[in-house]
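To start, the structure itself, in structure tokens.
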Number of protein chains: 2
Amino acid sequence: MGHVHTIVDKLTEKGYRLTPQRIMVLEAIEHSHDHISAEEIHADVVKKYPHVNISTIYRTLTLLEQLGMVTQTDMGGGCIRFHPAERGHHHHLICQSCGSTIDLEESALLPLQQSLRESYNFEADLSHLAIFGRCRNCRSK
Amino acid sequence: MGHVHTIVDKLTEKGYRLTPQRIMVLEAIEHSHDHISAEEIHADVVKKYPHVNISTIYRTLTLLEQLGMVTQTDMGGGCIRFHPAERGHHHHLICQSCGSTIDLEESALLPLQQSLRESYNFEADLSHLAIFGRCRNCRSK
DNA sequence: TTTCGTGCAAACCCTTTGCATTTGC
DNA sequence: GCAAATGCAAAGGGTTTGCACGAAA
């Protein structure tokens, strides 16, 4: 139940109510190894709580994001995925051939961030970056 | 009329028909200094040719992309923009505060591309990359 | 008991599709 | 004249919203 305490605190200290829906959305996100879409969260929650509506999922996601518990990544092509904020910044290499995603260490992007700062005086927010291309397997085919 | 010859050739040599709609969509894209959305293209074309339907714009964009005359960039948040392909690969820094976009030289991304290849054996397609952050002006406020 | 949160249905935006009509060739 | 392209209207996917009911505090 790892972070149930955290969500209880975060919600109550700001006057939000603790509802089963909110807890289950957060759990669905935390239990997902990969990243998870709104519809997948909904499918997951519905297994235990059949009446939950997808609009509640969206409203809850907005709230959890405001509370800093969840972050979203725009994977391109209108594809949005969620993951727990405390998993920290991580980035993705997405294979356009097979669709697989590879997690990328923060350090791989630091040189780019640095050079954008120096050359353009631009502070890049690379926290949700997704980079498209072809992965090892697909390249060798 | 710069590239009208090009489009005439490209269309006819593959058996596609030359229609006023197709020419006007291409012109709208070429005359746009910045990048332009499907709806903006439509608005532009309608000025001269009031009956043109937005579905024709989308169909034409798909065709022009196949012909390699136009490329699209996913700016995130469901925001897709088009620009002439011969303007070449270029990338964008997008300011999340003021919305301005800065063109980025290809060379700025080569080191990243190189390191992804070496460390992950991943061939990154950075041709339509958009990077979010804060621009010079907004940083100094 | 009093808000706040929810379910439901409908609206929304952007994009795509089916079909009859029009057009380029 | 015939196939290809268009306009129109309708459907689609994913997300948001208005409202009355239900539940948390």
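A note on names: the letters A, B, ... follow the listed sequences, proteins ahead of strands, and every chain is numbered from 1. Computed from a predicted structure; not experimentally measured.
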- To the nearest 0.5 Å, atom CG of B:Asp74 lies from atom CG of A:Asp74 at 6.0 Å
Distance-only donor-acceptor hits, side chain of residues 107-114 of chain A, under 3.5 Å, sequence neighbours excluded:
{"unit_1": "A:Gln113", "atom_1": "NE2", "unit_2": "A:Ala124", "atom_2": "O", "d": "2.8"}
{"unit_1": "A:Gln114", "atom_1": "OE1", "unit_2": "A:Arg117", "atom_2": "NH2", "d": "3.1"}
{"unit_1": "A:Gln114", "atom_1": "NE2", "unit_2": "A:Glu118", "atom_2": "OE2", "d": "2.8"}

- Message: Output the rounded distance in Å from CG (B:Leu11) to P (C:dT23).
- Response: 19 Å
- Query: Can you tell me how far P of D:dG14 sits from CZ of A:Phe82, to the nearest Å?
  - Reply: 13 Å
- Query: B:Glu40 CD to C:dC13 P: how many Å, rounded?
  - Reply: 16 Å
- Quick one: B:His42 NE2 to C:dT16 P, roughly how many Å, whole number? 15 Å
Under 3.5 Å between N/O atoms: give me all the protein pairs with nucleotides 5-9 of chain C, atom names plus distance.
{"unit_1": "C:dG5", "atom_1": "OP1", "unit_2": "A:Arg17", "atom_2": "N", "d": "3.3"}
{"unit_1": "C:dG5", "atom_1": "OP1", "unit_2": "A:Arg22", "atom_2": "NH1", "d": "3.0"}
{"unit_1": "C:dG5", "atom_1": "OP1", "unit_2": "A:Arg22", "atom_2": "NH2", "d": "3.3"}
{"unit_1": "C:dG5", "atom_1": "O5'", "unit_2": "A:Arg22", "atom_2": "NH2", "d": "3.4"}
{"unit_1": "C:dT6", "atom_1": "OP1", "unit_2": "A:Thr19", "atom_2": "OG1", "d": "2.8"}
{"unit_1": "C:dT6", "atom_1": "O3'", "unit_2": "A:Gln21", "atom_2": "NE2", "d": "2.9"}
{"unit_1": "C:dG7", "atom_1": "OP1", "unit_2": "A:Gln21", "atom_2": "NE2", "d": "3.2"}
{"unit_1": "C:dG7", "atom_1": "OP2", "unit_2": "A:Asn53", "atom_2": "N", "d": "3.2"}
{"unit_1": "C:dG7", "atom_1": "OP2", "unit_2": "A:Thr56", "atom_2": "OG1", "d": "2.5"}
{"unit_1": "C:dG7", "atom_1": "N7", "unit_2": "A:Arg59", "atom_2": "NH2", "d": "3.0"}
{"unit_1": "C:dG7", "atom_1": "O6", "unit_2": "A:Arg59", "atom_2": "NH1", "d": "3.4"}
{"unit_1": "C:dG7", "atom_1": "O6", "unit_2": "A:Arg59", "atom_2": "NH2", "d": "3.2"}

- Once you round it to whole Å, what is the distance between P of D:dG12 and CD of A:Glu39? 15 Å
- Interatomic distance, B:Leu11 atom CG to B:Leu63 atom CG [nearest 0.5 angstrom]: 6.0 Å
- Message: I'd like to know if A:Glu123 pairs up with B:Arg139 as an ion pair, taking the criterion as any Lys NZ or Arg NE/NH1/NH2 lying under 4.0 Å from an Asp or Glu carboxylate oxygen.
- Response: yes
- Whole-Å distance between D:dG14 P and A:Arg81 CZ? 10 Å
- Non-neighbouring partners of A:Lys14 that pass side chain to side chain contact (heavy atoms under 4.5 Å, CB included), sequence neighbours left out: A:Tyr16, A:Leu67
- Message: Just by distance, no angles: are the side chains of A:Ser140 and A:Arg136 close enough, under 3.5 Å, to form a donor-acceptor pair?
- Response: no
